[in-house]
Engineer: 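Please see the structure below; I have some questions.
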Amino acid sequence: MTTERTGCGVPRKEHAGNSMTVYGWVDRRRDHGGVIFIDLRDRSGILQIVINSDKAHEAYEQAKDVRLEWVLKVTGELRLRDAEAVNPNKATGEVELHVSSCEVLARAATPPFPVNEDSEVEESIRLRYRYLYLRRERIQRNLRQRATFVHALRTAMMEQEFTEIETPLLIRATPEGARDYLVPSRISPGSFYALPQSPQLYKQLCMVGGLDRYFQIARCLRDEDLRADRQPEFTQLDIEMSFITEEDIFQVLERTLSSSWKAAEFNGELPSKFPRMTWREAMDRYGVDKPDVRFGLELVDLAPVFRNTSFKVFADVLAKGGVVKGIVIPGGCDIPRSDMEHTYMDIVHRARAHGLTYLYYREEGWVGPAAKFLSEEEWTTFASLTKAKTGDAVVIVADTPGRTAAALGALRNHLGAARKLFDPSENAILWVTEFPMFERDEDTGAIGALHHPFTMVHADDIDKMTEDPLMVRSRAYDIVMNGREIGSGSIRITNPDIQRKVFEALAISPEDQQRKFGFLLEAFEYGPPPHGGFAAGIDRLIMEGLREENIRDVIAFPKNQQAQELMTMAPALVDDAQLRELGIATLPNPRHELSTTPS
RNA sequence: GGCCCCGUGGUGUAGCCUGGUCAAACACGCCACCCUGUCAAGGUGGAGAACGUCGGUUCAAAUCCGAUCGGGGUCGCCA
């Protein structure tokens, strides 16, 4: 069947005169009475089929009843079209297949939405009939480019002497991090496996095992709420290397990603070296740890202006160790006060900052709620720090360093999008390095690991671990692209003394250390090589590469926001017998129980 | 768990703010017929939704209010 098959998108004028057989779906049909045109579609493209009642009567009788999405086998002779019949908009537009026989291989019900065009359809319908949505040209192209990209990643890794290793899917539940998906064990009733959030621990054990250079195109599963760029199961390019420093990892990623990007013919290109920025610098200049550097609007430290201010709110903040920072918005005088008071204020409040104030630099001078508080001297400082021009506006937030950064960082991202301040075809990729080792939970006050507890501490900061843990930098790094976190990694701790100090800083008792991570600590007693690695989110990279706004459009069978797969309707209830075998009993109405359980 | 947006024939939308003229309009699709050169074919005719669901306000509700369900976005969450 396939040996004599020609792809619908393949024929060109040089094939004219050839007899051929094509198979495919009816993309469109144009019935002129005595002659019927059918656009036949397969994954390679679309070919116009001509069925003439005089010349192929039997085929014509067949084709009369054909409808959209029917599956046909068509044999005929490829001919050049008359000059006036050429369609320059189609790859096969210079030729057409004159049919001698037309066989209906399958009929099709009327599709629930248009398959032959890239029109909007409600997400639930797309997901319910995913197999039909997959017929659309756009998603087929996305998935094909995805395959090319992943293939290129794999090739690049092999060329760099990495070994692809499969790690288990049924693993021990990890105590920290995201919520686990649990899998009950039949043989050990009451016990559960977890599905991996990432192969983190196994890849480190591969290093202890002497494999030296590991990689995997790894599925990762996290039971957390979904977002436009987040699915509960996703794919990572997972890497771990021994006897290396950051530089080696950076080089592998830069080489691998930029070459694969090119191979997949993704949007634009990636540089052969990614710029670097420390976490400190990212926070100071952009207010976020994943800056979108396609546009400016950098944060300006305005503390020098308000050092001796009569404006009580700012004075209080500064006295308590807070900061005053602002963003200069070029041409911002066109922003209505209502936006400042409502839209921007909401953004700032969501970041838990107290509020913002603003100043317009109009022809007649600075105008705004805070204008009256500045002395002549302060205006001079203000002008030199902001370098604002007539027509600009400045928004100012005063709060703790963290909240100020969060508020202005969020506002900056909003402004960048709302005021179209960047070229959407640009790829702004960079390394963000030297993340803090620890962070304090604002609500509980507890110290936690920002990356994970096996992240190596920056050599200069080991001494600060006990007295000033929040100032300790780590050897963790992220790749950030267009304001989106693409992946992260770190050099790992292999020194037991340092590991112990980290656990102490995190207030994890020796008993808990043993219980939670005992197997890793034990492995590290047997000569662990210095090592480190990285994990890059493949779905997100593809989103950026294809300029898709939603991760669902780069995944063949994605889930909806409730983490359901609407085609097969998973998750679903299972038989009591199945549960009994696993030693599991469910609450009578899980949904109800959950909603009434205080959290 | 919070917040925001959406829910009208198979699909996409209009109508909803300013309730009655709406057993609801338009495009595509669907059905029938006509048509031998189109390519988003064309023409003629036709079927198809009581406006997600429930409740309320009102003489009167697609239109107002409440709840609920479904879809999406987002904050929390994602070491």
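Here the structure is a predicted model, which means the values were calculated and not measured.
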Engineer: Would you check if there is a donor-acceptor pair between the side chains of A/E548 and A/N142 at a distance under 3.5 Å?
Structural biologist: yes
Engineer: Could you work out the separation of B/C39 and B/C33 based on their C1' atoms and round it to a whole Å?
Structural biologist: 23 Å
Engineer: Can you tell me, in whole Å, how much space there is between the P of B/C30 and that of B/G10?
Structural biologist: 15 Å
Engineer: Taking N and O atoms by type only, does the side chain of A/E120 place a donor or acceptor under 3.5 Å from a partner on the base of B/U13?
Structural biologist: no
Engineer: Using a strict cut-off of less than 4.0 Å between a Lys/Arg side-chain nitrogen and an Asp/Glu carboxylate oxygen, indicate whether A/R138 and A/E117 qualify as a salt bridge.
Structural biologist: no
Engineer: What's the gap between B/A40 and B/C35 when it is taken at their P atoms, as a whole Å value?
Structural biologist: 24 Å
Engineer: Among the candidates B/C78, B/U11, B/G29, find the nucleotide nearest to the side-chain atoms of A/L68.
Structural biologist: B/G29
Engineer: Contact class for A/R352 vs. all strands (heavy atom < 4.0 Å): base, sugar-phosphate, or nothing?
Structural biologist: nothing
Engineer: Strictly below 4.0 Å: does A/R41 bring a side-chain N or O up to OP1 or OP2 of B/C39?
Structural biologist: no
Engineer: Any strand counts, and the cut-off is 3.5 Å on both contacts for Watson-Crick or G-U wobble. Which nucleotide pairs with B/G42?
Structural biologist: B/C34
Engineer: So which nucleotide from B/U38, B/G76, B/C31 ends up closest to the side chain of A/R67?
Structural biologist: B/C31
Engineer: Quote, to the nearest angstrom, the C1' distance that separates B/C34 from B/U11.
Structural biologist: 27 Å
Engineer: Determine the interatomic distance between C1' on B/G70 and the same-named atom on B/G19; round to the nearest Å.
Structural biologist: 27 Å
Engineer: Does the side chain of A/S119 pick up a donor-acceptor pair with the side chain of A/R136 at under 3.5 Å?
Structural biologist: yes
Engineer: Taking any heavy-atom pair under 4.0 Å as a contact, classify A/E123: base, sugar-phosphate, or nothing.
Structural biologist: sugar-phosphate
Engineer: Would you indicate what A/T110 reaches in the nucleic acid, counting non-hydrogen atoms under 4.0 angstrom: base, sugar-phosphate, or nothing?
Structural biologist: sugar-phosphate
Engineer: Closest to the A/N560 side chain: B/C78, B/G72, B/U11?
Structural biologist: B/G72
Engineer: Does a side chain donor of either A/E58 or A/Q62 reach within less than 3.5 Å of an acceptor in the other side chain?
Structural biologist: no
Engineer: With rounding to whole Å, what would you report as the distance between B/C6 and B/A14 at their P atoms?
Structural biologist: 10 Å
Engineer: Of the options B/G71, B/G37, B/U74, whose atoms approach the side-chain atoms of A/A228 most closely?
Structural biologist: B/U74
Engineer: Go nucleotide by nucleotide along RNA chain B from the 5' end; which of A/Q564 and A/E439 gets its closest nucleotide reached first?
Structural biologist: A/Q564
Engineer: May I ask which nucleotide in the shown strands pairs with B/U18, Watson-Crick or G-U wobble, both distances under 3.5 Å?
Structural biologist: none
Engineer: Rounded off to whole Å, could you give me the CD-to-C1' distance for the A/E117 and B/C39 pair?
Structural biologist: 15 Å
Engineer: Which part of the nucleic acid, if any, lies within reach of A/R222 when heavy atoms closer than 4.0 Å are counted: base, sugar-phosphate only, or nothing?
Structural biologist: sugar-phosphate
Engineer: Using the six-membered base ring of B/U38, report whether A/F37 stacks on it, requiring centroids under 5.5 Å and planes under 30° apart.
Structural biologist: yes
Engineer: Taking for each residue the nucleotide of RNA chain B bearing the nearest heavy atom, is the 5' side occupied by A/R350 or by A/Q197?
Structural biologist: A/R350
Engineer: Under the 3.5 Å rule, do the base of B/G73 and the side chain of A/Q561 count as making a donor-acceptor pair?
Structural biologist: yes
Engineer: When you check the phosphate oxygens OP1 and OP2 of B/G71, does a side-chain N or O of A/R126 lie under 4.0 Å from one of them?
Structural biologist: no
Engineer: Could you check which of B/G1, B/U11, B/G73 has an atom nearest any side-chain atom of A/F113?
Structural biologist: B/U11
Engineer: Given B/G72, B/A40, B/A79, identify the nucleotide with an atom nearest to the side chain of A/K90.
Structural biologist: B/A40
Engineer: What nucleic acid atoms does A/I36 come within less than 4.0 Å of, heavy atoms only: base, sugar-phosphate, or nothing?
Structural biologist: nothing
Engineer: Provide the distance between the two P atoms, one in B/C5 and one in B/U58, to the nearest whole Å.
Structural biologist: 27 Å
Engineer: State whether the side chain of A/R219 and the backbone N or O of A/E233 hold a donor-acceptor pair below 3.5 Å, judged by distance alone.
Structural biologist: no
Engineer: Mind calculating the distance between CG (A/D346) and P (B/C5) to the nearest angstrom?
Structural biologist: 12 Å
Engineer: Rounded to whole Å, how long is the line connecting atom CG of A/N52 with atom P of B/G37?
Structural biologist: 10 Å
Engineer: Atom NZ of A/K559 to atom P of B/G71: distance rounded to whole Å?
Structural biologist: 14 Å
Engineer: Regarding B/C39, can its base be found pairing with the side chain of A/R81 as donor and acceptor, where the two atoms are less than 3.5 Å apart?
Structural biologist: yes
Engineer: For atom P, what is the distance between B/A23 and B/A50, given to the nearest Å?
Structural biologist: 13 Å
Engineer: Tell me the interatomic distance from A/E69, atom CD, to B/U11, atom P, rounded to whole angstroms.
Structural biologist: 16 Å
Engineer: For B/A79, which nucleotide in any strand shown is its Watson-Crick or wobble partner with both distances under 3.5 Å?
Structural biologist: none
Engineer: Using both distances under 3.5 Å as the test, list the Watson-Crick or G-U wobble partner of B/U63, or none.
Structural biologist: none
Engineer: Could you tell me the separation between the CG atom of A/N89 and the C1' atom of B/U38, rounded to a whole number of Å?
Structural biologist: 14 Å
Engineer: Below the 4.0 Å mark, does B/A41 have OP1 or OP2 next to a side-chain nitrogen or oxygen of A/R30?
Structural biologist: yes
Engineer: What contact category does A/R227 fall into here, base, sugar-phosphate, or nothing, at under 4.0 angstrom with non-hydrogen atoms?
Structural biologist: base
Engineer: With stacking defined as ring centroids separated by under 5.5 Å and planes differing by under 30°, is A/H451 stacked against B/A79?
Structural biologist: no
Engineer: If pairing requires Watson-Crick or G-U wobble contacts with both distances under 3.5 Å, which nucleotide is the partner of B/A23?
Structural biologist: none
Engineer: Is the phosphate of B/G71, meaning OP1 or OP2, less than 4.0 Å from a side-chain N or O of A/Q562?
Structural biologist: yes
Engineer: Which part of the nucleic acid, if any, lies within contact of A/H98, taking any heavy atom under 4.0 Å across all strands shown: a base, the sugar-phosphate backbone alone, or nothing?
Structural biologist: base
Engineer: Can a side chain N or O of A/N550 be found less than 4.0 Å away from OP1 or OP2 on B/G73?
Structural biologist: yes
Engineer: Salt bridge (charged side-chain N to carboxylate O under 4.0 Å, His left out) between A/E224 and A/R179: does it pass, once the steps are laid out?
Structural biologist: CA-CA 6 Å; A/E224 296 293 347; A/R179 262 185 290 270; 3.0 Å; yes
Engineer: With sugar-phosphate meaning primed atoms plus P, OP1 and OP2, does A/D31 contact a base, only sugar-phosphate, or nothing at under 4.0 Å between heavy atoms?
Structural biologist: base
Engineer: Under a 3.5 Å distance rule, please check whether A/D42 uses its side chain to pair with a backbone N or O of A/G7 as donor and acceptor.
Structural biologist: no
Engineer: Using only heavy-atom distances, determine whether the side chains of A/T167 and A/Q216 contain a donor-acceptor pair under 3.5 Å.
Structural biologist: yes
Engineer: Which class fits the ring pair A/F517 and A/F454: parallel under 30°, tilted 30 to 60°, perpendicular over 60°?
Structural biologist: perpendicular
Engineer: Whole angstroms only, please: what is the NE2-C1' distance between A/H414 and B/G73?
Structural biologist: 15 Å
Engineer: Output the rounded distance in Å from CZ (A/R29) to C1' (B/C30).
Structural biologist: 12 Å
Engineer: Using only atom types and a distance under 3.5 Å, with no angle test, would you say the side chain of A/R475 pairs donor to acceptor with the backbone of A/M456?
Structural biologist: no
Engineer: Quick one: label A/D82 by what it contacts on the DNA or RNA (base, sugar-phosphate, nothing), any heavy atom closer than 4.0 Å.
Structural biologist: nothing
